[in-house]
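Report on one structure; see the data block that follows.
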Amino acid sequence: MDALYSALEPKLRERGQWELFEEIELPLCRCLAEMELAGCRVDSKALSDFGGLLSRRAEELESDIYRLADGEFNINSPKQLGEVLFDRLGLSHGKKTKTGWSTNADVLEKLRGEHPVADAVLEYRQLTKLKSTYADGLLKALDPDGRVRTSFQMTVTATGRLSSTEPNLQNIPTRTDLGSEIRRMFVPEAGNVLVDADYSQIELRLLAHISGDEGMRAAFLSGGDFHAETASRVFGVERKDVTHEMRRRAKAVNFGIVYGISAFSLSQDIGTTQKEAKAYMDAYFATFPGVRAYMDRVVEQARTDGYVETLYHRRRDLPELSSSNFNLRSFGERVALNMPIQGTAADVMKLAMIAVWKRLKAELTQARLVLQVHDELIVECPAADAEKASTLLKEEMEGVAQLSVPLTADAHWGKNWLEAKG
DNA sequence: TCGATCACGC
DNA sequence: CCCTGACGTGATCGAT
C-alpha cells in the first residue's frame, strides 16, 4: 500500500486528480461493496410465470412467421432472416451491414406496410429478448435467499460511469409496457418498500452550467418543461403555442446535442429530411449560441491538450483527434463533446451516493442503497421510513453540487421497482 | 473462442 | 465530399 501510494499519489496530484480519488472513487468503494452485498429481492414465482407466458407467445409468433414466410428457418439468425426477407420474399432492403442486409428494428419497421411478417418478427424479437436476457437471465442469477447480486465495475467505462454485470441490473426494461413488467418483479422484503429517486435532465443541466449559455440557463431557471421551453425558443412561438410535434422534435435535438449528433442521424430520429434536420440544428445554435461556442471551445482545447476532462478532473485521452482518418477524427470530436457532460453527471451521482450512504447510516439504519442506474438511485427501507428516505435522497442528490442552474431530483416509493418509478 | 448482429438501459 | 449519436452488457449465430 505504502509503495502504491508513494508511486501513485504524486502522479494523481500532478494531474489534479487527487481529490477525485480521495473524495469520490475511494469512498465509493465501500458504498458499492455494501450495495453488491445487499442485492435486490426478486419475485421468482412471478418471473418464472412471466417467462412461461413469453415462451407461449413467442411460439405462436414462430408458427405465424413460418406460415407468412412460407417455410421454416432460424428466426434468431440475422443471416437466415435476411435471406428469407430480401431474397425469397423480395422485400426492399435498407442499409447494409458487414455481412449482408440489415434486419434490425429500424429496417423491419419500414417493412411493416410491405409485408405482415415484419411486424411478427419485431414482436418475436421483443418476446425472445425479454425471455432470454431478463426472465431466464435473472432466474439464473438468483441467489438462494431470493436476491440477485450484481457486480458494479468502477474501472470499465471511458466516461466515469459505473457498469453492472452478472447480472446487468442497469438495463432492466422500461420502454414498453410488456418489458416494464420485469420491474414489477423487483420487490422489497416484507414490510419494506423501494424508494426510487432520479435526477431530472442532469446532462442538459450540466451542459447549461458548463457552457454558461444564458438562454439555456434561463430555460432551466424558469422551472418549466425544458423540452417545451426549448421548442418555444427554437421555433419562435409562445410557450402556450408549442405543439406536441414541436416538443418532440426539440427533445430529439436536445438529446442529440449531448452526443454530437449529425443532421443525418437527427433526420432519421425525427423522420424529416436531412435539410430540415439541419435547419433545426442551425435554429438551435442560433437560440443557444453559448452552446455552440462551448462545443467549439471544448474540441479546440482537446486538440491542444490531447484529452478532455470533467468538472471534477476525470480525464479521457483523445488520440483520435489527431488521426488522419476522417471517421476516427469525427468520432474523437463527438467524444470530446460528450465525455465532459456524461462524465460530470457520473461524478455528481457518485458524490450523491456517498452522501446518501453516510446519511442513511446515521439516520435510517434500516435503509440501504441497492441500485444505481446512472441518474437513478434505489433504496430499500421499512415502509415506515419511506417518506424520510425519499426526502433524504432528494436533498442529498440536489445538494451535492452547486451549479448555475437548479439540480433537481424526484423521488417516489412503492411495493416494487415499477411502482417506485412513480 | 470470438467477431458480428441485435436489443435492452441511460 | 467523407459518412453519419455518447456510454455500457448479454444472447445468439456461425465461422474458426
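Numbers restart at 1 for each chain; the letters A, B, ... are given by sequence-line order, proteins then strands. Atom set for the values below is all heavy atoms of this structure, side chains included, hydrogens, waters and symmetry mates excluded. Bear in mind that the values here come from a model prediction, so they are computed numbers and not experimental data.
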Task: A:T159 side-chain proximity, nearest of C:dC7, C:dG10, C:dT4 - done: C:dC7

Open item on the list: Let's go through A:R88 and A:D70 carefully: what are the C-alpha distance in whole Å and the side-chain angles of both, what is the deciding distance for salt bridge (charged side-chain N to carboxylate O under 4.0 Å, His left out) to 0.1 Å, and is it a yes or a no?
Closed with: CA-CA 10 Å; A:R88 207 145 59 64; A:D70 200 25; 5.2 Å; no

Open item on the list: Rounding to an integer number of Å, can you tell me how far A:L127 CG sits from B:dC8 C1'?
Closed with: 14 Å

- [ ] Let me know the distance between CD of A:Q170 and P of C:dG10, rounded to the nearest Å.
- [x] 11 Å

- [ ] Verify the contact: side-chain N or O of A:R125 to OP1 or OP2 of B:dC8, cut-off strictly under 4.0 Å; return yes or no.
- [x] no

Task: Side-chain N,O (A:S102) to OP1/OP2 (B:dC6) below 4.0 Å - done: yes

Task: Residue pair A:L91 / A:H115, side-chain heavy-atom distance below 4.5 Å - done: yes

Open item on the list: Looking at A:E245, I'd like to know if its CD atom is crowded, meaning that more than 12 non-hydrogen atoms belonging to other residues, nucleotides or ligands lie closer than 6.0 Å.
Closed with: yes

Open item on the list: Between A:T97 and B:dA4, is there a contact of a side-chain N or O with OP1 or OP2 at under 4.0 Å?
Closed with: no

TODO: Determine the Euclidean distance between corresponding P atoms of C:dT4 and B:dA4; express it in Å to zero decimal places.
DONE: 15 Å

Open item on the list: On the nucleotide B:dC8, are OP1 or OP2 found under 4.0 Å from the side-chain N or O atoms that A:K129 carries?
Closed with: no

- [ ] Tell me which nucleotide among C:dG10, C:dA15, B:dC6 gets nearest to the side chain of A:K79.
- [x] C:dA15

Task: Spacing of A:L108 atom CG relative to B:dT5 atom C1', expressed in whole Å - done: 12 Å

TODO: Describe the nucleic acid contact of A:L266 in one word from base, sugar-phosphate, nothing, applying a heavy-atom distance below 4.0 Å.
DONE: nothing

Task: Under 4.0 angstrom between A:Q80 side-chain N/O and C:dG14 OP1 or OP2 - done: yes

Task: Minimum-distance nucleotide (side-chain atoms of A:S262 versus B:dC10, C:dC7, C:dT4) - done: C:dT4

TODO: Check each residue of residues 318-356 of chain A for a non-hydrogen atom within less than 4.0 Å of any atom in DNA chain B, then write out the ones that pass by number, or none.
DONE: none

Task: Rounded interatomic separation in angstrom, taking CD from A:E123 and P from B:dA7 - done: 14 Å

TODO: Could you tell me whether A:V156 contacts a base, only the sugar-phosphate backbone, or nothing, with contacts defined as non-hydrogen atoms closer than 4.0 Å?
DONE: sugar-phosphate

Task: Out of C:dC13, B:dA7, B:dC10, whichever nucleotide has its closest atom nearest the side chain of A:N74 - done: C:dC13

Open item on the list: In this structure, how many angstroms lie between the C1' atom of C:dG8 and the CG atom of A:N168, rounded?
Closed with: 7 Å

Task: Under-4.0 Å side-chain N/O to phosphate OP1/OP2 contact, A:T133 with C:dT9 - done: no

Open item on the list: What is the separation between atom CD on A:Q274 and atom C1' on C:dC1, rounded to the nearest whole Å?
Closed with: 12 Å

Open item on the list: Can you measure A:D106 atom CG to B:dC6 atom P for me and round it to whole angstrom units?
Closed with: 11 Å

- [ ] If the plane angle is over 60° it's perpendicular, under 30° parallel, otherwise tilted; pick one for A:Y280 and A:F235.
- [x] perpendicular

Task: Below 4.0 Å: OP1/OP2 of B:dC10 and any side-chain N or O of A:N171 - done: no

Task: A:E320 and A:R329, any side-chain heavy atoms less than 4.5 Å apart - done: no

Task: Closest approach of A:F226 to A:A219 (non-hydrogen atoms, all atoms of both residues) - done: CE1-CB, 3.6 Å

TODO: Give a yes-or-no answer on whether the side chains of A:T165 and A:Q153 include a donor-acceptor pair shorter than 3.5 Å.
DONE: yes

Open item on the list: If you only use heavy atoms from C-beta on, which nucleotide in C:dG10, C:dT4, C:dC7 is closest to the side chain of A:E166?
Closed with: C:dG10

- [ ] Would you indicate, yes or no, if C:dG8 has its OP1 or OP2 atom less than 4.0 angstrom from a side-chain nitrogen or oxygen of A:R161?
- [x] no

- [ ] Could you note down all residue pairs passing salt bridge (Lys or Arg N to Asp or Glu O under 4.0 Å) where residues 401-422 of chain A supplies at least one of them, sequence neighbours left out?
- [x] A:E376-A:K421

Task: Nucleotide nearest A:A105 (side chain, heavy atoms from C-beta), chosen from B:dA7, B:dC10, B:dA4 - done: B:dA7

Open item on the list: Does C:dT12 have its OP1 or OP2 closer than 4.0 Å to a side-chain nitrogen or oxygen of A:T128?
Closed with: no

Open item on the list: Between A:L162 and A:Q170, is the side-chain contact (heavy atoms from CB on, under 4.5 Å) condition met? List the steps.
Closed with: CA-CA 9 Å; A:L162 300 177; A:Q170 290 184 322; 4.2 Å; yes

TODO: Using atom CG of A:N104 as one end and atom P of B:dC8 as the other, report the distance to the nearest whole Å.
DONE: 11 Å

